[in-house]
Amino acid sequence: MHEARYYTQKSGNKTRCLLCPHNCLIADEKAGICRVRINHGGVLYSGVYGEVAALHADPIEKKPLYHFYPGSKILSIGTAGCNLRCEFCQNYNLSQFEPCHSSRTRKITPQQLVHLALEDNENIGIAYTYNEPTVFFEMMTDTARLVRESGLKNVVVSNGFINPEPLKELLETTDAFNIDLKAFNDFFYKKVTGGRLVPVMDSLKMIHQAGRHLEITLLLIPGLNDSPEEFERMLEWIAGQLSPDIPLHLTRYFPAWKMDRPPTPLHTLHQFTEMAGSKLNFVYTGNVTGNLYSSTFCPDCQQLLIERQGYGCKIKGLSKDNKCSGCGYPIPLVQ
Ligand code: SF4
């Protein structure tokens, strides 16, 4: 196994992991909350280094990232494990399984991953996604450095529950992030996810202040995080502390893992999309067929800029220097 980083040794062969805000104190021969960082004799190891559980070439829109190389493909990887326990997790078969179930993983090195990424001329880089990439931090950052050297891009899709020091390191090689903001109240975070809200807000601020491309996703769950007042506060915070140009993805919840509430009503999704549109310039909905809110429009003259159908997209009204071809409004977009 590969030795972990961001930990300290404690008396009695214990270790304190400093990677995420849980800061687990881990006894000898035990694992942290994420179940993939394991203490052997006072040395902390990553149990998932090189143990890839999912590997696919995905449309970038699937991350979801709508303002970062629209229409491109990205090699996407994940392992086992997560530092949260969201009862509604849509990827629980990856996030909640133990790394010792090696029949479900494939051994692959960072060098091999970069080689795979370079094989396809249309591939723009590697996305660290599916489960929570913070828990495979060592493999992610080793791979990301090689990806950078090869001229490709790194994308991180995360819950944002990471400590500032490792995030600072991650910012050095990451080109774009999609961060889940799961609710705007700490009670929800503690009760339903096992995390906390403030560290996620701090991560969002750090990413934005570092000038990295950032998009945010909120999965709307009926009766749990769909209070209009709370959503209004979230929107004000995003617009005021980050930017009204941050794309927000409102996605429809479906029952998964431990949660059997009915899916998000479409009228709620539409109501929240309209609310968000009054504070933010780019709001999208996801997990919906025949989606009305998947294309990009100019916030100034409403011209159609990028038309999306499913994961397919066509650039229609955007100049090469990312301005609306109708009115010249600059569109915050990387391509
Ligand atoms: S990364 Fe895992 S072991 Fe480390 S503090 Fe977080 S949950 Fe605990």
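Note: hydrogens, waters and symmetry copies are ignored here, and every other heavy atom, side chains too, is used. Only a predicted model underlies this, so the values are computations on that prediction, with no experimental measurement involved. Just follow the structure's listing: the first ligand is 1, and inside any ligand the first atom is 1.
- Counting only distances under 2.8 Å, and ignoring water, the protein N, O or S atoms around atom 6 (Fe) of ligand 1 are Cys20 SG.
- By the 30° and 60° cut-offs, the orientation of the rings of Phe282 relative to His67 is perpendicular.
- Residues Ser46 and Arg5 are not in side-chain contact: their nearest non-hydrogen atoms beyond the backbone lie 4.5 Å or more apart.
- With Tyr284 as the aromatic partner, Arg308 meets the cation-pi criteria of under 6.0 angstrom to the ring centre and within 45 degrees of the ring axis.
- Using a 4.5 Å heavy-atom cutoff, the side chains of Thr79 and Val36 are not in contact.
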Sequence neighbours excluded and cut-off under 3.5 Å, please list the side-chain donor-acceptor pairs for residues 254-267, or say none.
from   : atom 1 : to     : atom 2 : distance (Å)
Arg261 : NH1    : Pro222 : O      : 3.0
Thr264 : OG1    : Leu220 : O      : 2.6
Thr264 : OG1    : Tyr253 : N      : 2.8

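- Other residues, nucleotides and ligands contribute over 12 non-hydrogen atoms within 6.0 Å of the CZ atom of Phe188.
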